[in-house]
2 protein chains.
Amino acid sequence: MSQQRHGSTPGNAPGERTGAVTAFPDLPEATIARLPEYLRALHNLGGAGADTVSSEGLSAAAGVNSAKLRKDLSHLGSYGTRGVGYDVTLLIEQIEYVLGLDQRRAVCLVGLGNLGHALAGYDGFASRGFKIVALFDADASKVGEEIQGLTVRHIEELGRAAVEENIAIGVIATPAGAAQAVADVLVDAGVTSILNFAPCVLSVPANVDVRKVDLAIELQILSFHEHRKASLTALPGGRSATAAGNQEAVGS
Amino acid sequence: MSQQRHGSTPGNAPGERTGAVTAFPDLPEATIARLPEYLRALHNLGGAGADTVSSEGLSAAAGVNSAKLRKDLSHLGSYGTRGVGYDVTLLIEQIEYVLGLDQRRAVCLVGLGNLGHALAGYDGFASRGFKIVALFDADASKVGEEIQGLTVRHIEELGRAAVEENIAIGVIATPAGAAQAVADVLVDAGVTSILNFAPCVLSVPANVDVRKVDLAIELQILSFHEHRKASLTALPGGRSATAAGNQEAVGS
DNA sequence: TAGATTGTTAATCGATTAACAATC
DNA sequence: TAGATTGTTAATCGATTAACAATC
């Protein structure tokens, strides 16, 4: 994995969040990371006309085992019906509520190189309810460029704009050398969630959540497995193939 | 997280790999995912002139705690010197060996939409030793286009080309609807590692490793944390900030 | 020798999983 | 009632962490 931690890491004592009990469910990190996958599967099932789905059916669609799915959903409360399954619409609503997807969160993108350009136009964000509302770059030659209906602004405007436009999530797609400075500006502007595509560790206050996506690291992990498999097939007991899917997802 | 599993998942009995003991280290999945991060930190340190680094120093640069780093490195064998630290060059070599980065692995990219375009030109691949050697798309209007010195070929050529050019890793950046068919072709062509950017679960044989990167899922996970934090600050005991970094990385 | 730092141990924690009682 | 399927339990597994003995 290549995710940076939140909450339970040093600097965040257990139970520090609040003395009072809150209605907000305290979900295991692993569960949180799977909820979006369940949501996607549910949207597919709903679109295909299903009213109800069993843990077996939904878990297959999401690529996990059914016990894990039921355990995950049990953390949200009890929304299934024994002997029947889960109501698709109800479960979608519940997961969207927990993930906070019923609220619009303004996203800004910093760094409009190759990758930033693609992210600015990435359908998958819009189709799943996220809208990038502001673009920034340090390169004067990029400032003023129109991308997806937005004008690229100079990074010096980032701080003020992030406050004024109430940016909740900042996406960093700059080179590694610039990322920490951008993160600092975002944090100062009150942004508390950062998605970092730059290949570097960011240092942020404990209340700020950072997720990191490092595309090269993904390839390196696959390279390890290629190496491992090659070392096995080179041996007498080496195998070529067996059966069903074995996949790992980024995040954690 | 949103990684698909490998190895230890159903269909892969423990110890099935081989009856014989192999020299290849059997690393915990969590360790494997961190090795690339250590490697990046080591390259930075080496570039800055360091010959030697302590577990404290390296772990800080990689954003993990030092006990975890030492534990991870101990799986590779003993390459540190008590009282001194780790030899930077030696450790780089060792990690690169384990990750199989001393061998060139041909990578192909399928799907040249917005994201695929960016991936084709992504500096981070080349700078860390991966070279995309072939591009494919189903859209006739894209076929023939030159990107980064490569000509986009029609997806019907994928199978034959993947065999002939000995492709080891396939990157899927198609829409979700096309991804499984592409994966099937890759698998038939003998590709055993897939990096999937399409928002869907792929079904592949047990010997094929799939890692999934879902950019929207990352935002949804951040959205959860935004929602959680908002529900806390709305309470009497709500806090605004505390201290040092809390980050999570995509991947296992 | 004294100081520093690794490699390992053992305790703890969180996540996974199979099994099944509860219940529709 | 009989069949189906959830929600929960408890066992297991893997990962994290602090502490420290080994050793440079």
Side-chain angles (χ1 to χ4, degrees), chain A residues 1 3-15 25-35 38 52-60 62-88 90-91 94 246 248-249 251-252, chain B residues 1 3-15 25-35 38 52-60 62-88 90-91 94 246 248-249 251-252:
Chain A
M1 207 160 326
Q3 279 322 28
Q4 296 185 283
R5 304 314 309 288
H6 88 111
S8 54
T9 10
N12 223 347
D26 202 358
L27 305 177
E29 201 58 36
T31 296
I32 297 161
R34 282 188 294 262
L35 290 179
Y38 301 154
T52 256
V53 64
S54 67
S55 63
E56 201 61 55
L58 180 54
S59 68
V64 303
N65 92 20
S66 65
K68 193 186 285 185
L69 171 79
R70 288 197 301 278
K71 183 82 167 170
D72 284 339
L73 295 185
S74 76
H75 291 295
L76 306 184
S78 292
Y79 293 91
T81 306
R82 289 163 138 105
V84 178
Y86 299 90
D87 182 283
V88 172
L90 188 66
L91 193 50
Q94 176 60 12
N246 53 340
E248 252 186 279
S252 194
Chain B
M1 221 163 309
Q3 279 322 24
Q4 298 184 285
R5 303 314 311 288
H6 87 112
S8 55
T9 12
N12 223 348
D26 204 357
L27 304 178
E29 201 58 36
T31 297
I32 297 162
R34 283 188 293 263
L35 290 179
Y38 301 154
T52 258
V53 64
S54 68
S55 62
E56 202 59 54
L58 181 53
S59 67
V64 304
N65 90 23
S66 66
K68 192 187 285 185
L69 171 80
R70 287 197 301 277
K71 184 82 170 168
D72 284 339
L73 295 185
S74 74
H75 292 295
L76 307 183
S78 292
Y79 293 91
T81 306
R82 288 165 141 106
V84 178
Y86 299 90
D87 181 283
V88 171
L90 188 67
L91 193 51
Q94 175 61 11
N246 53 339
E248 252 185 282
S252 296

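Protein chains get the first letters and strands the later ones, always in sequence-line order, with residue 1 at the start of each.
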(request) Output the single nucleotide from D/dA15, D/dT17, C/dT16 whose closest atom is nearest the side chain of B/Lys68. (result) D/dT17
(message) Checking B/Leu73 against B/Leu91 for the side-chain contact (heavy atoms from CB on, under 4.5 Å) test, could you report, in this order, the C-alpha distance in whole Å, the side-chain angles of both residues, the deciding distance, and whether it holds?
(response) CA-CA 9 Å; B/Leu73 295 185; B/Leu91 193 51; 3.8 Å; yes
(request) Rounded off to whole Å, could you give me the CG-to-P distance for the B/Leu73 and D/dT16 pair? (result) 14 Å
(request) In whole angstrom, give the distance that lies between atom CG of B/Asp87 and atom P of C/dT6. (result) 13 Å
(request) On DNA chain C, check which nucleotide each of B/Lys71 and A/Ala67 is closest to and give me the residue with the more 5' one. (result) B/Lys71
(message) Measure CG/A/Leu76 against C1'/D/dT8 and give the value in whole Å, please.
(response) 15 Å
(request) Provide, to the nearest angstrom, the distance between the CD atom belonging to B/Glu56 and the C1' atom belonging to D/dA19. (result) 14 Å
Can you name the atoms? Protein N/O to nucleotides 20-24 of chain D N/O, anything below 3.5 Å, with the distance.
| unit_1 | atom_1 | unit_2 | atom_2 | d |
| --- | --- | --- | --- | --- |
| D/dA22 | N3 | B/Arg82 | NE | 2.8 |
| D/dT23 | O4' | B/Arg82 | NE | 3.3 |
| D/dC24 | O4' | B/Arg82 | O | 3.4 |
| D/dC24 | O2 | B/Arg82 | O | 3.4 |

(request) Mind running side-chain contact (heavy atoms from CB on, under 4.5 Å) on B/Thr52 and B/Thr81 for me, showing each step along the way? (result) CA-CA 10 Å; B/Thr52 258; B/Thr81 306; over 6 Å; no
(message) Could you tell me how far apart A/Asn65 (CG) and D/dT5 (P) are, to the nearest whole angstrom?
(response) 17 Å
(request) Just jot down the side chain to side chain donor-acceptor pair (under 3.5 Å) partners of A/Ser54, sequence neighbours excluded, or say none. (result) none
(request) Grab the CD-P distance between B/Glu29 and C/dG14 for me, whole Å please. (result) 21 Å
(request) Give the rounded distance in Å between these two atoms: CG of B/Leu69 and C1' of D/dA18. (result) 15 Å
(message) Holding to side-chain contact (heavy atoms from CB on, under 4.5 Å), I want the full list of residues that pass it with B/Ser66, two or more places apart in sequence or in another chain.
(response) B/Ser55, B/Glu56, B/Ser59, B/Arg70
(request) Under the side-chain contact (heavy atoms from CB on, under 4.5 Å) rule, what do B/Val64 and B/Asp72 come out as? Steps first, then yes or no, please. (result) CA-CA 11 Å; B/Val64 304; B/Asp72 284 339; 5.9 Å; no
(request) Check the distance between C/dT8's P and B/Tyr79's OH and give it to me in whole angstrom. (result) 12 Å
(message) Taking only side-chain N and O atoms of A/Tyr86, does any of them lie within less than 4.0 angstrom of OP1 or OP2 on D/dG7?
(response) yes
(request) Go through A/Leu58 and A/Val88 one step at a time and tell me if the side-chain contact (heavy atoms from CB on, under 4.5 Å) criterion holds. (result) CA-CA 10 Å; A/Leu58 180 54; A/Val88 172; over 6 Å; no
(request) Taking only the side-chain nitrogens and oxygens of A/Ser54, find out if one of them lies under 4.0 Å from OP1 or OP2 of D/dT5. (result) no
(request) Convert the base pairs of DNA chain D into dot-bracket notation, remembering that pairs crossing earlier ones are written with [ ] and that bases paired across to another strand are shown as |; include only Watson-Crick or G-U pairs under 3.5 Å. (result) ..||||||||||||||||||||||
